[in-house]
Number of protein chains: 2
Amino acid sequence: MSAGKPESQKKKKYLTPQRRAILNALESVVTHPSADVIYEMVRKELPIISMGTVYRNLEQMATEGMILRLDGGGQKRYDGNSTPHLHFRCLCCNAMIDLPMNPHDDIQKIVQTLTDFEIKSYEVIFTGLCPECKLTKKKEQTA
Amino acid sequence: MSAGKPESQKKKKYLTPQRRAILNALESVVTHPSADVIYEMVRKELPIISMGTVYRNLEQMATEGMILRLDGGGQKRYDGNSTPHLHFRCLCCNAMIDLPMNPHDDIQKIVQTLTDFEIKSYEVIFTGLCPECKLTKKKEQTA
DNA sequence: ATGAGAATAGTAATCATTCCTAAATTGTAA
DNA sequence: TTACAATTTAGGAATGATTACTATTCTCAT
């Protein structure tokens, strides 16, 4: 009748240089790099690391809640900042950018009280043009 | 010096049976099917339609704003209801479900007034357990 | 009807991601 | 330290979703 350990602790994890390097890389940037970008970053430190290792560790860390996995526009992206915040995706340059503000109201609580869904987390993604691309477009039009 | 037509009207579109069938299929369900599911639906009516046609038309219709493209969990999903609404993804059965409520506040306007981003649309995705899966899990635990 | 542009079916190619395996590495306990 | 079992790794093969390509067919304004 024992409850057993929570899923996330079922097996012990070894701390490898690869895993540490991946986490370092992810935490050193404010962008939301995809696996192949992270691979290139880590390769500067560990030249023979393989893509499989990058994917496996990102997946593990996301499952453990250390990082966020963002399902956005084609490739998956990863975010070293795991506290809830708003995202913006630029339709023009395809960047994924943090919005400098908190989720203003507690939407999650509101939705939770109104439905039977058990909400674990939520994500808000705005799409449109980032300030730079907006400028670029304006210049093009008046040219 | 002429401004030209807006991007979305630059080239004329032919209304083909394939396109109509794809839209019909999508509008006949409240789920959010992926391209391969839509392909199977449409194949009942047009047995020789090709995947390429399905993808191309879904992409076009999404660009035109007739349907929504949801970048969620692996495959892309499509939504025949293009008015803004909230989505829920079940971590257990992987379903993507409409939440029966409107975006309560106008988050978009708030964010718009606070930033320089030009927001075209936004998406809110809750993740967790749907009512059925929540029940299933409870039964498993007490068993 | 007809002709120019647009869309199609079918297939090949691409891209991201996962899977596989033998060898190497990690933490632990003597 | 040493030894060991579990875990992780590199590298490459395999998969799966999506896109690209092309010769042919279709659409619709004239």
Side-chain angles (χ1 to χ4, degrees), chain A residues 5 7-26 32-64 66-78 89 94 96, chain B residues 5 7-26 32-64 66-78 89 94 96:
Chain A
K5 295 171 191 166
E7 302 294 335
S8 58
Q9 295 174 26
K10 275 269 168 66
K11 60 154 85 173
K12 85 177 84 156
K13 295 283 166 53
Y14 292 166
L15 181 55
T16 65
Q18 289 87 341
R19 169 174 271 244
R20 201 168 17 217
I22 290 167
L23 190 55
N24 279 348
L26 195 50
H32 305 76
S34 51
D36 59 308
V37 170
I38 295 167
Y39 173 65
E40 289 304 334
M41 295 170 73
V42 175
R43 233 141 72 91
K44 298 200 172 109
E45 198 183 333
L46 299 173
I48 61 159
I49 196 173
S50 76
M51 273 304 274
T53 300
V54 173
Y55 272 108
R56 183 168 9 85
N57 278 291
L58 287 171
E59 202 52 35
Q60 271 181 25
M61 292 191 284
T63 304
E64 288 162 19
M66 307 170 63
I67 65 174
L68 288 181
R69 181 182 46 236
L70 310 171
D71 294 312
Q75 281 166 286
K76 286 172 187 157
R77 288 157 172 277
Y78 298 87
R89 178 166 46 240
N94 210 35
M96 176 86 88
Chain B
K5 295 170 191 168
E7 302 295 333
S8 59
Q9 294 175 27
K10 273 269 167 67
K11 59 153 84 172
K12 83 177 88 159
K13 295 282 164 53
Y14 292 164
L15 182 55
T16 64
Q18 289 88 340
R19 168 173 272 243
R20 201 168 16 218
I22 291 167
L23 190 54
N24 279 350
L26 195 49
H32 305 77
S34 50
D36 59 309
V37 171
I38 294 166
Y39 173 64
E40 288 306 333
M41 293 169 75
V42 175
R43 233 140 72 90
K44 298 199 173 110
E45 198 183 333
L46 299 173
I48 61 157
I49 196 173
S50 78
M51 272 304 274
T53 300
V54 173
Y55 273 109
R56 183 169 9 84
N57 278 289
L58 287 172
E59 202 52 35
Q60 270 182 25
M61 292 191 282
T63 304
E64 287 162 20
M66 306 170 65
I67 66 175
L68 288 181
R69 180 182 48 237
L70 310 172
D71 295 313
Q75 282 164 285
K76 286 172 188 158
R77 288 157 171 278
Y78 298 87
R89 177 166 49 239
N94 209 34
M96 176 85 89

Between [atom2] of [N] and [atom1] of [X], the distance in whole Å:
| X | N | atom1 | atom2 | result |
| --- | --- | --- | --- | --- |
| B:Arg20 | D:dC26 | CZ | C1' | 13 Å |
| B:Arg69 | D:dT19 | CZ | C1' | 13 Å |
| A:Gln75 | D:dG16 | CD | C1' | 15 Å |
| A:Leu58 | C:dA16 | CG | P | 15 Å |
| A:Gln60 | C:dT18 | CD | C1' | 14 Å |
| A:Leu23 | D:dT8 | CG | P | 15 Å |
| B:Arg56 | D:dA20 | CZ | C1' | 11 Å |
| B:Arg77 | D:dG16 | CZ | P | 17 Å |

Just how far is it from atom [atom1] of [X] to atom [atom2] of [Y], taken to the nearest 0.5 Å?
| X | Y | atom1 | atom2 | answer |
| --- | --- | --- | --- | --- |
| A:Leu26 | A:Ile38 | CG | CD1 | 5.0 Å |
| A:Met61 | A:Leu68 | CE | CG | 12.0 Å |
| A:Leu46 | A:Gln18 | CG | CD | 6.0 Å |
| A:Ile22 | A:Thr53 | CD1 | OG1 | 7.0 Å |
| A:Tyr78 | A:Met96 | OH | CE | 12.0 Å |
| B:Leu58 | B:Met66 | CG | CE | 11.0 Å |

At 10 degrees resolution, what angle do the end axes of the helix from C:dA1-D:dT30 to C:dA30-D:dT1 form when each is taken over five base pairs?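 Answer for the end axes of this duplex: 40°.
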Any side-chain to backbone donor/acceptor pair from B:Thr63 onto B:Glu59? Under 3.5 Å, distance only.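 A pair under 3.5 Å: yes.
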Quick one: does A:Arg77's side chain have a donor or acceptor within less than 3.5 Å of a partner on A:His32's backbone? yes
Looking at A:Lys76, does any N or O in its side chain come under 4.0 Å of the phosphate oxygens OP1/OP2 on D:dA17?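 Answer no for this pair, as no side-chain N or O of A:Lys76 is under 4.0 Å from OP1 or OP2.
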I need the minimum non-hydrogen distance between A:Ser50 and A:Tyr39, along with the two atoms involved.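 Here A:Ser50 and A:Tyr39 meet closest at C-CE1, 3.9 Å.
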Audit row: B:Glu64, B:Arg69, salt bridge (charged side-chain N to carboxylate O under 4.0 Å, His left out) steps and yes/no: CA-CA 11 Å; B:Glu64 287 162 20; B:Arg69 180 182 48 237; over 6 Å; no
Select base, sugar-phosphate, or nothing to describe what A:Asp36 touches, counting heavy atoms under 4.0 Å on all strands. nothing
What does nucleotides 25-30 of chain C look like as a protein-contact string, B for base, S for sugar-phosphate only, - for none, at under 4.0 angstrom between heavy atoms? -BS---
Interface with DNA chain D, restricted to residues 44-55 of chain B and to heavy atoms under 4.0 Å: B:Tyr55
Considering heavy-atom distances to DNA chain D, does B:Tyr78 or A:Arg19 have its closest nucleotide positioned more toward the 5' end?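 Checking each residue's closest nucleotide, the 5'-ward one belongs to A:Arg19.
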Between B:Asp36 and B:Gln75, does a side-chain hydrogen bond (donor to acceptor under 3.5 Å, both in side chains) hold up when you go through it step by step? CA-CA 9 Å; B:Asp36 59 309; B:Gln75 282 164 285; 2.7 Å; yes
